[in-house]
Each structure stands twice: as structure tokens, then as C-alpha cells.
Engineer: 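Following this message is one structure expressed as C-alpha cells.
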Amino acid sequence: MKNELKGLSNPEKYHDAISINNQDIATLKDMLRTMLLIRKTEQQLALGRKNGLIGGPVHLGAGQEAIAVGISKNLKKTDRVFGAHRSHSHLLALNPDFYRLFAEVLGKKTGFSKGMGGSMHLYDQPNGFYGSVPIVAGTVSLAVGAAMAAKLQKTDDIGAVYIGDGAVEEGVVHESFNLAKIQNAPVLFVIENNLFASHMHISLRQPSDMISRFAVANDIPFKLVDGNDVVAIAKASKELIDDIRSGKGPALIELVTYRWYGHVDWRDDVDVGVDRSLDDIENWKERDPIKRLSKSMVNAKMWSNKQEEDLNDELEKEMQSAWEKAMNDSYPSSDATLKYVYAE
Ligand SMILES: Cc1ncc(C[n+]2csc(CCOP(=O)(O)OP(=O)(O)O)c2C)c(N)n1
Ligand SMILES: [Mg+2]
């Protein structure tokens, strides 16, 4: 990248190994499994889209799995989590049911939104996922409202919302930060700073690559963390979430990462954008959040290459049968449009 970057986006600041000292082995294995499951689910979606089997667009977040997995480690089923257009990982980290995601994206009635939503309208309230929408920044104010409701209901549940580096260019995000602070709303703003909005690099859109400057402006506590280090994310978000639950008001966590696929579908987008080259993609793939965790675990003799191969095989098998099952499921009947789209 040619621009001077002030946040964590300078590749030299990323280290290969991640620190797993004092971490519980079962938790590390679980996070590794979930990240791998999300990666493979999205690879299957990329293939389905490429082969013309999926009707609508899919926005893939491969490379960014550590964020949702690390954050969700500290969330409860009664929390109120919101996503946007690139939210497969946000949902699967709460409920790793890839079969229902496949069914949704294929428009089948067995999907998360009964086949009425597709990739960008996901919903799984029993597991805390209150919804995703394609309107960039469209759920940020909803998360603040849901957090204010949780407070009025005298629970210790929180709101959480995933926000892209591009989404902060929408005014409603700043109104939401301000309102959350002034109302002491229990909400976590999770910034997924992948340096791009559609095809434009952040240096062409904003005077700084550090989104957490908006937390400073609103007197909201924040942490800036390597978005490809799941352990660091789980640890930093735990501290913020504990504070939010104990009544200290909103907090923000900024995670710097990179998406492997282009803006939408399976292509690389090296020919349409500025500053996105195959070299950049390769460099970021070196910082694969899955490989980094697995390597640290192998080094610590908690995990082996054989175990990883077995896990890969197991997930691949499960995924193939889930995909076939979803492909054979039925589409919703036409009266579902009246039943689920309009209030009764
Ligand atoms: C209100 C609105 N404006 C524009 C778009 C078109 N659009 C879809 S995704 C996107 C970029 C979002 O970038 P970012 O928030 O950084 O998320 P990322 O795609 O990088 O995950 C844009 C401009 C939209 N969906 N909604
Ligand atoms: Mg972005």
C-alpha cells in the first residue's frame, strides 16, 4: 500500500504467530473448528454462485473469520446481534448450522429466513442473531435501540453490531454512536476494517485508516486489535463486553483485516479496483487467521496436522450432504409472501 497508514493496516505490524499462552485447549479447538467451518461454507457458496446454482449475490468474508468467532465467544443467546451485507460469519459464529444457510441462499423454505431473504437477509433470533440487511449501516441504529430495550428490560443482555469501514461514512453511524453514549446503551460496535468499501481503498475515502477515531470523538472506550488473531479478539472483546454488561455503556472494537474474495461473489477484483493487487491478496493470505491459530497450536503440541486433516475431511463430508439436502428442499409456496412479508 502506498499511503501512510495510521491504524493497523500496515502489513509489517502483523506477526505470523499468535499468542495462545494460558488459553483453554477446548476453547482454542472450538474456535479453530468454527473458523474452518465458516471458511468451507463460504467456499461452497462461492462455488455454487460460480456454477450458477445460487440466484442472488453472495458477499463472502473469507479471511475475516476470526472476528465473528472471537466476538461471539463472549456473547449469550439472549444478546441482540446485527449484521449487514457480509454476514455469513456473524450468523454461523452464533449458530454453525451451515445447512440452513445453504437452504436460505438457495431460496428454500428450510432456510434461516424461510427462503425469503437470501444471503443478505439472515435471521436467527433464538440464537441471538436479530438480522442482517443489505442497506449499509442500516442496522447500527437498530442495535442501539435493541440495547436500550435490553437496559429498560433490566437484563444484562447487550446489543452488538458489525460495521464496515465503509459503513462509517453513513451519517446514521455517528448519530448512533452519539445516542448510545448519551443513553449509556449497552452496545458493542464491532468495526470490521478490511480497508475496502466495494472497490475503493480506504486511503481514497477517508483522511485516516483508523476508524476508532470516531470512538474518541464520542468518548466511547475502544480497542484496536489485529483482526486476524482470534485469541486477541476474544480477549479484548471480553474485557469490553464485561464492562458493557456491568453498566458502563457502549464500547467499540476495531479489527483490521482483509477479505480474500472481491466485493461480491467469487472473483478476486484485482482488475476493477485501485490498490488491490494479487500481491496484496497473497500477502494477506499469509496472515490467514485459521493457519495462524493452527500453527500456534501445533507448536504448543495441542494440535497436529493429522487432526487438522481429519477435521477438514469431516467438515467436507458434512457439508456435501448438507448442500445436496438443501438443493433437494422445496421452495416456499406463493402464500408465504403474504404470510411472512406483510404483518397480519
Ligand atoms: C446505503 C447503501 N449505500 C450503498 C450501498 C452499496 N454498497 C454495498 S456494500 C458497500 C460497501 C460497504 O463497505 P464496508 O462497510 O467497508 O463493508 P465491506 O463490504 O468491506 O464488508 C456499498 C457501498 C448499499 N448497499 N447501501
Ligand atoms: Mg470494508
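We use all heavy atoms of the structure for the numbers below, so side chains are in, but hydrogens, waters and symmetry mates are not. Just follow the structure's listing: the first ligand is 1, and inside any ligand the first atom is 1. Treat the numbers as computed from the prediction; the structure is a model and nothing was measured.
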Engineer: For atom 22 (C) of ligand 1, what is the nearest protein heavy atom, given as residue, atom name and distance?
Structural biologist: Ser198 OG, 3.6 Å
Engineer: Looking at Trp284, is Arg259 sitting on its ring face, NZ or CZ under 6.0 Å from the six-membered ring centre and within 45 degrees of the normal?
Structural biologist: no
Engineer: Can you tell me the protein heavy atom closest to atom 16 (O) of ligand 1 and the distance?
Structural biologist: Gly166 N, 2.8 Å
Engineer: How many angstroms lie between CZ in Phe196 and CG in Leu204, if you round to the nearest 0.5 Å?
Structural biologist: 8.5 Å
Engineer: Taking the six-membered ring of Tyr331 (Phe, Tyr or Trp), confirm whether the NZ or CZ of Lys109 is under 6.0 Å from its centre and within 45° of its axis.
Structural biologist: no
Engineer: Run Phe112 and Tyr123 through side chain to side chain contact (heavy atoms under 4.5 Å, CB included) and show every step you take.
Structural biologist: CA-CA 6 Å; Phe112 272 112; Tyr123 177 74; 5.7 Å; no
Engineer: Report yes or no: does a heavy atom of His263 sit under 4.0 Å from some atom of ligand 1?
Structural biologist: yes
Engineer: Heavy-atom contacts with Arg86 under 4.0 Å: which atoms of ligand 1 show up? List them by number with element.
Structural biologist: 18 (P), 19 (O), 21 (O)
Engineer: List the closest protein heavy-atom neighbour of atom 8 (C) of ligand 1: residue, atom name, distance to the nearest 0.1 Å.
Structural biologist: Val136 CG2, 3.7 Å
Engineer: Can you name the N, O or S atom of Asp165 that is closest to the Mg ion (ligand 2)?
Structural biologist: OD1
Engineer: Is Gln206 reaching over with its side chain to a backbone N or O of Asp165, donor-acceptor style, under 3.5 angstrom?
Structural biologist: yes
Engineer: Between Asp156 and Lys76, does a salt bridge (Lys or Arg N to Asp or Glu O under 4.0 Å) hold up when you go through it step by step?
Structural biologist: CA-CA 10 Å; Asp156 74 342; Lys76 305 186 290 177; 2.5 Å; yes
Engineer: How many angstroms lie between CZ in Arg292 and CG in Leu32, if you round to the nearest 0.5 Å?
Structural biologist: 13.5 Å
Engineer: What are the two closest non-hydrogen atoms of Leu195 and Asn193, and how far apart are they?
Structural biologist: N-OD1, 3.1 Å
Engineer: Is there any N or O on Ile135 that sits under 3.5 Å from an N or O of ligand 1?
Structural biologist: no
Engineer: Just to check, does Glu192 reach to within less than 4.0 Å of ligand 1 when the distance is taken from its heavy atoms?
Structural biologist: no
Engineer: To the nearest 0.1 Å, how far is atom 15 (O) of ligand 1 from its closest protein heavy atom, and which atom is that?
Structural biologist: Ala167 N, 2.9 Å
Engineer: With a 4.0 Å cut-off on heavy atoms, is Glu169 touching ligand 1?
Structural biologist: no
Engineer: Could you list which atoms of ligand 1 come closer than 4.0 Å to a heavy atom of Asn194?
Structural biologist: 18 (P), 20 (O), 21 (O)
Engineer: Rounded to 10 degrees, what angle sits at the Mg ion (ligand 2) between Asn194 OD1 and Phe196 O?
Structural biologist: 90°
Engineer: Ligand 1 and Ala197, any nitrogen or oxygen pair closer than 3.5 angstrom?
Structural biologist: no
Engineer: Nearest 0.5 Å, what's the CD1-OH distance between Ile67 and Tyr162?
Structural biologist: 8.5 Å
Engineer: Quick test: of every protein heavy atom, which one is nearest to atom 25 (N) of ligand 1, and how far off is it to 0.1 Å?
Structural biologist: Pro134 O, 2.9 Å
Engineer: For atom 1 (C) of ligand 1, grab the closest protein heavy atom and report residue, atom and distance to one decimal in Å.
Structural biologist: Glu170 OE2, 3.6 Å
Engineer: Quick check: Phe214 with His174 (ring centres under 6.0 Å apart)?
Structural biologist: yes
Engineer: Under 4.0 angstrom from atom 6 (C) of ligand 1, is there any protein heavy atom?
Structural biologist: no
